[in-house]
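To start, the structure itself, in structure tokens.
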Number of protein chains: 2
Amino acid sequence: MSLHQIRYFVAVAEEEHVGRAAERLRIAQPALSRQIRNLEAEVGTALFERTSRGMRLSSAGALFLSHARAILSSVESATAALRKR
Amino acid sequence: MSLHQIRYFVAVAEEEHVGRAAERLRIAQPALSRQIRNLEAEVGTALFERTSRGMRLSSAGALFLSHARAILSSVESATAALRKR
DNA sequence: GGAGTTTACGAATGTCGTAACTATC
DNA sequence: GATAGTTACGACATTCGTAAACTCC
């Protein structure tokens, strides 16, 4: 699990759409799709339900989302602390 | 900045010695040394002072260490939350 | 000269993008 | 047939380990 994957996950969770999330992240759709799959494989749980119109968070995904945001926020505060000294 | 780098940083900070930290992390010394350098380059500050007997945290490094631990702890709690459901 | 860290360089791994495929409506 | 996600595959980048070099006692 990498910070990249966590950022990717949050983007997809927010957009509920791999295509739009990929556009926002400036990477290609398949790369993003793979990273999400890899993340799900690693945690051993589906984080999204695939619908015909996009991706919806599963209950595990919803649980993970709050943790993911906490992680990214910790990283933010770490870099901010170093920047501001 | 990656989670790997953060874990590497914490190990070196705790051991105050790249060689021992590398052994603990099961990677080679040079790989670890490079990652620490890369991390320092990315944050734009020296996190360690190089002494003749090893590495000692700089003041920026000490500041970063607490943040680094917080990040890793967030990751731990995220994976634990998924594992326990 | 010994202990420790860093640089050089080739090998292995991972990630990306384009193109093609699958599925659902 | 249009929209959305996934798989295949070759290219690019990153990371690793071994070996050699540098530095400070």
Side-chain angles (χ1 to χ4, degrees), chain A residues 1-62 64-65 68 71-72 75 78-79, chain B residues 1-62 64-65 68 71-72 75 78-79:
Chain A
M1 174 153 56
S2 71
L3 290 176
H4 266 189
Q5 283 176 328
I6 295 172
R7 291 199 183 92
Y8 290 176
F9 166 76
V10 172
V12 173
E14 287 174 357
E15 298 287 346
E16 298 190 324
H17 192 284
V18 175
R20 282 193 298 271
E23 192 173 357
R24 196 173 105 188
L25 295 166
R26 317 264 188 157
I27 64 172
Q29 218 175 61
L32 181 52
S33 177
R34 256 171 319 196
Q35 291 296 338
I36 297 297
R37 277 222 164 269
N38 292 350
L39 179 59
E40 289 179 320
E42 189 174 339
V43 301
T45 318
L47 300 172
F48 293 99
E49 289 159 9
R50 275 73 174 171
T51 75
S52 60
R53 288 208 296 289
M55 318 267 283
R56 189 174 27 221
L57 279 173
S58 68
S59 59
F64 188 64
L65 179 57
I71 294 168
L72 296 183
V75 172
T79 56
Chain B
M1 174 152 57
S2 71
L3 291 176
H4 268 190
Q5 283 176 327
I6 295 172
R7 291 200 183 92
Y8 291 175
F9 165 77
V10 172
V12 173
E14 287 174 356
E15 299 287 346
E16 296 190 327
H17 191 284
V18 176
R20 281 193 297 272
E23 191 174 357
R24 196 173 107 187
L25 295 166
R26 318 263 189 156
I27 64 171
Q29 217 174 63
L32 181 52
S33 178
R34 258 170 317 199
Q35 290 298 337
I36 297 297
R37 277 223 164 268
N38 291 350
L39 179 59
E40 289 179 319
E42 188 175 340
V43 302
T45 317
L47 300 172
F48 292 98
E49 289 158 8
R50 274 75 174 169
T51 75
S52 61
R53 288 208 297 289
M55 318 266 282
R56 189 173 29 222
L57 279 173
S58 68
S59 59
F64 188 63
L65 179 57
I71 293 168
L72 295 183
V75 173
T79 56

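In what follows, chains are A, B, ... by sequence order, proteins preceding strands, each numbered from 1. As a basis for the values below, the full set of heavy atoms in this structure was taken, side chains included, without hydrogen atoms, waters or symmetry mates.
Nearest nucleotide to the His17(A) side chain, out of dC9(C), dA4(D), dT18(C): dA4(D). Listed nucleotides: dT7(D), dT6(C), dC16(C). Nearest to the side chain of Ser33(B): dT6(C). Distance from the side chain of Met55(A) is smallest to dG5(D) among dA19(D), dT7(D), dG5(D). Checking dT5(C), dC16(D), dT6(D) against the side-chain heavy atoms of Val18(B) singles out dT5(C) as nearest.
Taking atom CD of residue Glu40(B) and atom P of nucleotide dT5(C), one finds them 12 Å apart after rounding to whole Å. With rounding to whole Å, Ile27(B) atom CD1 is found 16 Å from dT13(C) atom P. Counting to the nearest Å, the C1' atom of dT3(D) and the CZ atom of Arg53(A) are 11 Å from each other. The CD atom of Glu16(B) sits 11 Å away from the P atom of dT5(C) (whole-angstrom rounding). Counting to the nearest Å, the P atom of dG14(C) and the CG atom of Asn38(A) are 10 Å from each other. Rounded to a whole Å, the CZ atom of Arg50(A) is 18 Å from the P atom of dT22(C). Atom CD in Glu49(B) sits about 16 Å away from atom C1' in dG4(C), given to the nearest Å. Put simply, CD on Gln35(B) is 14 Å from C1' on dT6(C), counting in whole angstrom units.
With hydrogens and angles disregarded, no donor-acceptor distance shorter than 3.5 Å links the side chain of Thr45(B) to the backbone of Ala60(B). A donor-acceptor pair under 3.5 Å is formed between the side chain of Glu40(B) and the backbone N or O of Leu47(B).
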Chi angles and distances behind the side-chain contact (heavy atoms from CB on, under 4.5 Å) call for Leu39(A), Ile6(A): CA-CA 8 Å; Leu39(A) 179 59; Ile6(A) 295 172; 5.6 Å; no
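Using a 4.0 Å heavy-atom distance criterion, Ala28(B) is classed as a base contact.
Nearest heavy atoms, Gly61(B) versus Phe9(B): O-CZ, 3.5 Å.
Summary of the strand contacts: Ser52(A) and Tyr8(A) both lie near DNA chain C, and taking for each the nucleotide with the nearest heavy atom, the more 5' one is attributed to Tyr8(A). Both Arg34(A) and Arg37(B) lie close to DNA chain C; mapped to their nearest nucleotides by heavy-atom distance, the more 5′-ward contact belongs to Arg37(B).
For the atom pair Gln35(B) CD and Gln5(B) CD, the distance stands at 5.0 Å (nearest 0.5 Å).
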